[in-house]
4 protein chains.
Amino acid sequence: MKKLRIAIVGGTGYAGAELVRLLTGHPNADIVAVTSGRAAGERLSAHCPWLSTDIALSSFDAEKIDADVVFFAQESGFAMENAATVISNGAKVIDLSADFRLRDPAQYSRYYHREHSLPLPNFSTVYGLPELTPHEDIVNADLIANPGCYPTATLLALKPLFDAGLVEGTPVIDAKSGVSGAGRSRSETPYLFAERSGSMSAYAATGHRHIPEIEQSLGIPIRFTPHLIPTPRGMQITAHLPIKGSLERDDISHCYHKSYTNHKFVNICANNPEMKQVTASNRCDIGFEIDAHTGYLVVISVIDNLVKGAAGQAIQNMNIMFGLEESIGLPIHGVWP
Amino acid sequence: MKKLRIAIVGGTGYAGAELVRLLTGHPNADIVAVTSGRAAGERLSAHCPWLSTDIALSSFDAEKIDADVVFFAQESGFAMENAATVISNGAKVIDLSADFRLRDPAQYSRYYHREHSLPLPNFSTVYGLPELTPHEDIVNADLIANPGCYPTATLLALKPLFDAGLVEGTPVIDAKSGVSGAGRSRSETPYLFAERSGSMSAYAATGHRHIPEIEQSLGIPIRFTPHLIPTPRGMQITAHLPIKGSLERDDISHCYHKSYTNHKFVNICANNPEMKQVTASNRCDIGFEIDAHTGYLVVISVIDNLVKGAAGQAIQNMNIMFGLEESIGLPIHGVWP
Amino acid sequence: MKKLRIAIVGGTGYAGAELVRLLTGHPNADIVAVTSGRAAGERLSAHCPWLSTDIALSSFDAEKIDADVVFFAQESGFAMENAATVISNGAKVIDLSADFRLRDPAQYSRYYHREHSLPLPNFSTVYGLPELTPHEDIVNADLIANPGCYPTATLLALKPLFDAGLVEGTPVIDAKSGVSGAGRSRSETPYLFAERSGSMSAYAATGHRHIPEIEQSLGIPIRFTPHLIPTPRGMQITAHLPIKGSLERDDISHCYHKSYTNHKFVNICANNPEMKQVTASNRCDIGFEIDAHTGYLVVISVIDNLVKGAAGQAIQNMNIMFGLEESIGLPIHGVWP
Amino acid sequence: MKKLRIAIVGGTGYAGAELVRLLTGHPNADIVAVTSGRAAGERLSAHCPWLSTDIALSSFDAEKIDADVVFFAQESGFAMENAATVISNGAKVIDLSADFRLRDPAQYSRYYHREHSLPLPNFSTVYGLPELTPHEDIVNADLIANPGCYPTATLLALKPLFDAGLVEGTPVIDAKSGVSGAGRSRSETPYLFAERSGSMSAYAATGHRHIPEIEQSLGIPIRFTPHLIPTPRGMQITAHLPIKGSLERDDISHCYHKSYTNHKFVNICANNPEMKQVTASNRCDIGFEIDAHTGYLVVISVIDNLVKGAAGQAIQNMNIMFGLEESIGLPIHGVWP
């Protein structure tokens with residue numbers, strides 16, 4: 001097979017650099033362009049010294065970009081403006097921002113404080129969570145909306161339970177994220193090492209922007225509070241789910257195994273997984289316990305926010321879209337310690 | 001006033017050493033003995049080089065200990081065996097273990113896997129959470145059961161709301177603790193720096209032993225899962241509380257201020273507090289947000305698990321017990337960064 | 001004694017906030033003003049939520065400041081402009097910047113890239129390292145130049161050895177600092193938590209600006225490279241010192257004990273001290289080993305860069321200047337873990 | 001090419017697990033056995049949940065092990081006892097311990113406190129640092145002594161300079177290591193997260209056991225002190241080297257480039273590299289500055305102690321030994337942040 005010609009828009013941020021890192025080891029990929037708004041003309045490695053590469057950064061020009069796949073690793077708003085042009089010129093787009101994740105433009109406006117342009121005329125977009133989205137929808141799309149990190153970890157853990165009708169009442173989702181989720185350019189005091197080290201805090205304790213993305217899939221309101229944990233990478237969801245009293249461990253196990261038998265990146269654990277066991281891997285590990293005392297199921301899922309929660313999942317979508325084996329080029333083991 | 005003569009049983013663990021650190025700066029305290037099971041005869045500073053002191057460690061002998069107050073900074077089981085003897089010899093006991101926290105011996109047996117001896121004959125014990133326990137009860141007690149760290153952070157945040165009847169249904173308490181909560185002698189693989197750094201995990205996702213202590217005070221079952229956070233000290237509680245729909249921010253504020261107006265160590269914050277802002281201080285900072293979307297109140301409280309959650313609160317209890325101003329010798333500011 | 005009326009210029013930075021934290025517990029101090037360039041009019045606690053205080057921030061006005069002592073916790077350049085006015089109005093100044101540390105204005109210009117104004121006319125300034133500077137000089141000064149953090153840790157470890165003629169040849173000083181040394185407003189990418197966590201690096205591998213301050217005291221050129229360590233606070237110096245072959249451990253011990261017998265904040269350790277054992281304390285702990293294999297003495301000293309390396313030492317200078325016992329209000333124990 | 005049949009002795013420690021992680025992605029390798037002293041019969045993933053694998057752990061039996069290559073990831077002493085048997089049965093051995101690194105048995109006894117058995121009779125051993133050892137020696141060896149982590153980072157940085165005669169006098173090597181260097185079973189108090197976090201310390205300030213390994217290659221005595229840094233992985237060497245006064249930056253550059261032009265894992269940087277930029281990669285990045293002020297060259301090199309300093313280098317040696325391209329299966333990019 002001819003190698004896919006890849007362009008990465010926004011290569012010096014955490015997700016963009018992670019795309020470069022993973023795709024340079026991908027046997028079917030050939031990176032033809034990495035763009036940067038601020039550093040065009042300079043070497044990528046000058047900004048990302050962990051990457052051992054000669055790639056020179058270029059400017060983004062939607063009209064001229066020449067690639068089979070274009071990854072947008074940009075802030076929300078960018079894809080809305082540029083996707084149609086890029087697709088018209090013959091490329092598929094995989095967008096890591098929120099622009100095409102929500103079906104309801106009103107929700108987008110409310111949470112992202114920006115009017116949403118009309119849906120892409122003549123082009124098909126799909127929300128691409130590979131373990132939950134039918135693969136033929138991914139194959140046929142012009143643009144894949146790569147899910148957010150919190151929705152990925154939450155939906156992989158909860159969607160099968162909701163689909164099976166096992167949860168009753170409001171799910172309480174207490175989420176924890178490493179600091180890289182804030183991005184590389186959030187150089188404000190609260191993100192400084194001296195402030196973050198040895199601390200943690202809730203943020204957006206109510207009203208976080210990933211709520212509508214999760215609710216769109218689950219179909220009911222969720223109680224959701226995310227926290228910043230003093231670790232550079234990683235994400236853990238602790239979901240407290242009211243359940244029917246008669247459920248037993250095997251019922252939950254059965255439900256998960258039915259959903260994920262053929263999905264090698266989702267791993268149902270005998271014990272509660274911990275955040276670091278999936279660092280730098282594309283896995284989502286899920287554990288659970290029934291709390292008979294209160295009638296709740298506690299589900300814990302962990303991902304690497306930059307891999308399964310961003311760049312890795314984007315590549316998994318690319319693999320599916322182009323008929324490749326979905327795990328090609330993606331690490332299955334975590335890096336530990 | 002004559003200085004109180006203090007003995008600390010278990011001086012090389014984290015809570016015991018913290019008692020030494022704080023009490024050497026206390027104007028009304030005179031440390032007359034620090035004991036250690038393993039290191040009697042050696043200098044305390046050889047085991048705790050952060051303490052600049054000439055104190056030599058001694059052996060514990062319940063019959064011979066000669067002090068006004070004896071702090072037990074030992075594992076559960078120790079106080080049951082030794083408290084009566086120490087009290088009989090004329091000392092007050094402040095116990096940092098769980099031995100006398102639970103009123104129901106059956107609960108103690110269930111959660112601590114040990115039969116509880118009968119209540120102390122002829123002696124009075126009190127659960128001493130100074131902002132919630134009547135001070136005259138503390139003054140009149142022979143033994144103070146110093147609360148657990150999770151119960152301290154949880155009850156200070158929740159008890160006023162429950163007493164005022166503002167919460168309806170099961171509270172979901174998602175707790176986060178620094179690693180020192182495991183103690184200094186838990187030298188097992190999961191507590192190694194290399195394993196913990198950059199990670200986090202739930203533990204005792206159901207059935208944690210602090211649950212009955214919290215439920216004894218609140219009077220209803222709680223959903224509770226604690227997590228280990230990669231920080232040496234600190235504790236945060238995120239409580240998701242179903243509330244009556246008509247409640248507003250001012251109702252909650254009013255409830256808290258009524259409870260804590262005269263309590264300088266509880267601080268109701270305009271913003272969500274973060275874990276580190278109370279490091280090395282005896283404060284408990286509390287913030288909250290109403291989530292109208294789902295009908296929940298989100299309450300966040302932070303303490304230093306070794307100060308307000310252990311040694312500091314024990315000293316606060318001592319101050320009250322002996323008629324001193326309750327804040328003497330206790331830091332009010334956090335150490336940052 | 002009447003309380004000293006204290007003003008702190010620059011109260012929301014790390015050193016300034018540390019002055020507030022320590023001085024609010026100082027029995028002879030009364031903080032009458034805390035200024036801030038950016039946040040005048042706001043509450044200090046809004047910017048420093050770890051401080052439990054009602055202090056409101058004010059603007060700095062050199063002409064109007066009314067205090068017995070004024071601490072300058074500002075960038076270099078500020079003291080040169082404002083010290084004379086403040087002193088003329090009757091206050092003593094303790095300056096935490098580099099403005100008056102170097103005797104040679106040419107050195108100042110070279111390392112701080114700014115012309116140095118003439119020495120303060122009619123006023124006396126002193127470099128105040130309390131264990132090495134004669135206390136009468138501190139008492140008689142109008143302005144105390146509070147030493148830099150690296151010079152404090154280095155000179156306390158090396159000066160007695162040099163004065164005794166024990167070192168031959170170029171000392172190699174390999175220094176390590178926590179990230180707070182960069183200040184609270186250095187919100188650039190390299191200081192972000194996500195970048196710093198799990199990493200370390202040398203910076204200013206040659207030509208660091210604290211070199212002339214150390215050389216001014218030792219009298220010979222030094223090889224000096226500092227490193228940034230992933231910890232918020234703390235500093236360690238590892239000095240590799242070529243020595244005369246016949247020296248033994250006792251010779252070094254004797255030299256140190258002669259110098260520091262009456263100095264409670266300098267502690268000569270039997271073992272190599274580690275960085276955290278002096279966290280939040282005003283101590284400097286020093287350990288050493290002779291490497292007979294190569295003819296070197298290895299000396300290790302640790303301080304808290306914000307206490308003995310900044311705010312604590314400034315208060316120690318204040319105590320001496322005003323005839324107080326030098327350790328009043330200053331913590332001797334470290335906070336651990 | 002037929003896949004190499006690989007056995008890993010000691011699969012649940014950090015280096016052993018890293019071998020599994022890297023070799024399961026290696027196109028020419030087939031892991032046929034992973035042994036464990038304590039956990040034989042159990043699943044590897046039960047002990048290393050970051051590895052997504054079905055491998056079951058087996059017992060080690062030198063007589064019965066059946067493989068093309070056997071990696072020993074064991075404490076020193078193990079290889080001496082078992083290598084001859086394994087080689088006699090037809091396998092090549094790559095030993096990650098110190099047993100065959102030192103040519104002088106007296107040095108081994110002095111630093112490892114154990115008599116060294118005679119050299120392996122009839123078998124050839126080689127010290128395998130692929131950028132410095134002739135590849136034909138590696139090809140022809142029966143056993144490769146994989147270098148220590150400190151020697152790897154130090155020799156790659158210093159050997160070309162020494163060979164070119166650019167250094168005069170004693171090199172001062174101030175080394176810094178992440179905590180995983182202590183191994184996974186060092187569950188003693190000083191390695192606990194609560195103790196290590198926020199701290200750092202020198203250890204073996206004189207007399208570290210990697211000194212003779214470095215001196216054997218450089219040919220002169222070295223001043224060497226290692227430090228433990230609060231990061232799980234990573235290693236940095238800061239070498240302070242007295243040089244001839246006339247040397248300029250280009251001379252050093254030229255020397256390095258001549259040595260490493262064809263070695264893709266050694267990277268000479270324009271700026272000082274930092275520890276994390278090579279995390280999880282097999283690279284060694286080297287930077288340097290001339291300090292004309294004192295006549296020293298400061299060289300900084302960084303590696304991942306578990307990859308280039310252990311498992312990665314072992315695989316690089318394997319690749320060379322079996323005629324494969326030396327970089328196969330080895331990551332070139334670092335994982336960041």
Side-chain angles (χ1 to χ4, degrees), chain C residues 169-176 178 190 192-207 211 215 220-225 227-234 236 238 240 242 271-277 279 287-296 298-300 302 336-337, chain D residues 169-176 178 190 192-207 211 215 220-225 227-234 236 238 240 242 271-277 279 287-296 298-300 302 336-337:
Chain C
T170 305
V172 173
I173 300 161
D174 195 285
K176 294 90 177 174
L192 292 182
F193 178 87
E195 307 271 312
R196 230 29 29 231
S197 179
S199 196
M200 67 162 288
S201 55
Y203 69 100
T206 60
I211 290 174
E215 292 182 343
I220 63 158
I222 59 165
R223 169 86 282 287
F224 181 85
T225 293
H227 300 76
L228 223 47
I229 299 294
T231 166
R233 288 182 175 231
Q236 182 188 305
T238 307
H240 308 261
N271 302 309
N272 289 324
E274 66 171 281
M275 188 185 267
K276 195 165 65 168
Q277 72 187 45
T279 292
F288 62 92
E289 288 186 29
I290 290 176
D291 181 20
H293 180 58
T294 54
Y296 273 76
V298 186
V299 179
I300 290 159
V302 293
W336 179 289
Chain D
T170 305
V172 174
I173 299 160
D174 196 285
K176 294 93 177 173
L192 293 181
F193 179 87
E195 307 270 313
R196 231 27 31 232
S197 178
S199 195
M200 67 161 288
S201 55
Y203 69 100
T206 59
I211 290 174
E215 291 181 344
I220 64 159
I222 60 165
R223 168 88 280 289
F224 181 85
T225 293
H227 300 76
L228 222 48
I229 298 295
T231 165
R233 289 182 175 231
Q236 183 188 305
T238 308
H240 309 262
N271 301 309
N272 289 323
E274 66 170 280
M275 189 185 267
K276 194 164 64 168
Q277 73 187 45
T279 292
F288 62 92
E289 289 185 29
I290 291 175
D291 180 20
H293 180 58
T294 54
Y296 274 75
V298 187
V299 178
I300 289 160
V302 293
W336 180 289

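All chains are named by letter (A, B, ...) in the order of the sequence lines, taking the proteins before the strands, and each is independently numbered beginning at 1.
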For chain D, which candidate among C:I211, C:V302, C:N271, C:I222 shows the most heavy-atom pairs at distances under 4.5 Å?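 Looking at each of C:I211, C:V302, C:N271, C:I222 in turn, C:I222 comes out on top.
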Chain C contacts, top residue of [options] (heavy-atom pairs, under 4.5 Å):
options	answer
D:T206, D:T170, D:T231	D:T206
D:S197, D:G207, D:A292	D:S197
D:R196, D:E289, D:M200	D:M200

Starting at [atom1] of [X], measure out to [atom2] of [Y] and round the result to the nearest 0.5 Å.
X	Y	atom1	atom2	answer
C:I300	D:H227	CD1	NE2	5.0 Å
C:H240	D:H240	NE2	NE2	6.0 Å
C:S201	D:K276	OG	NZ	10.5 Å

Let me know if [X] has heavy atoms under 4.5 Å from chain C in its side chain, its backbone, both or neither.
X	value
D:N272	side chain
D:I290	backbone
D:E195	both

Grab the two heavy atoms, one from C:P221 and one from D:T294, that are nearest each other, plus how far apart they are.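 Distance-wise, the nearest heavy atoms are CB-CG2, 4.1 Å.
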Show the nearest heavy-atom pair for residues D:A194 and C:P337, with the distance to one decimal.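 Between these two residues, the closest heavy atoms are O-CB, 3.1 Å.
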Does the side chain to side chain contact (heavy atoms under 4.5 Å, CB included) test come out yes or no for D:L228 and C:E274, once each step is laid out? CA-CA 10 Å; D:L228 222 48; C:E274 66 171 281; over 6 Å; no
Any side-chain heavy atom of C:P230 within less than 4.5 Å of one from D:I229?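 When only atoms from C-beta onward are counted, D:I229 and C:P230 do touch, with a gap below 4.5 Å.
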Taking the side chain as everything from C-beta on, heavy atoms only, tell me whether D:K176 gets closer than 4.5 Å to C:D174.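 In contact.
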Apply side chain to side chain contact (heavy atoms under 4.5 Å, CB included) to C:H293 and D:E215, showing your working. CA-CA 12 Å; C:H293 180 58; D:E215 291 181 344; 2.6 Å; yes
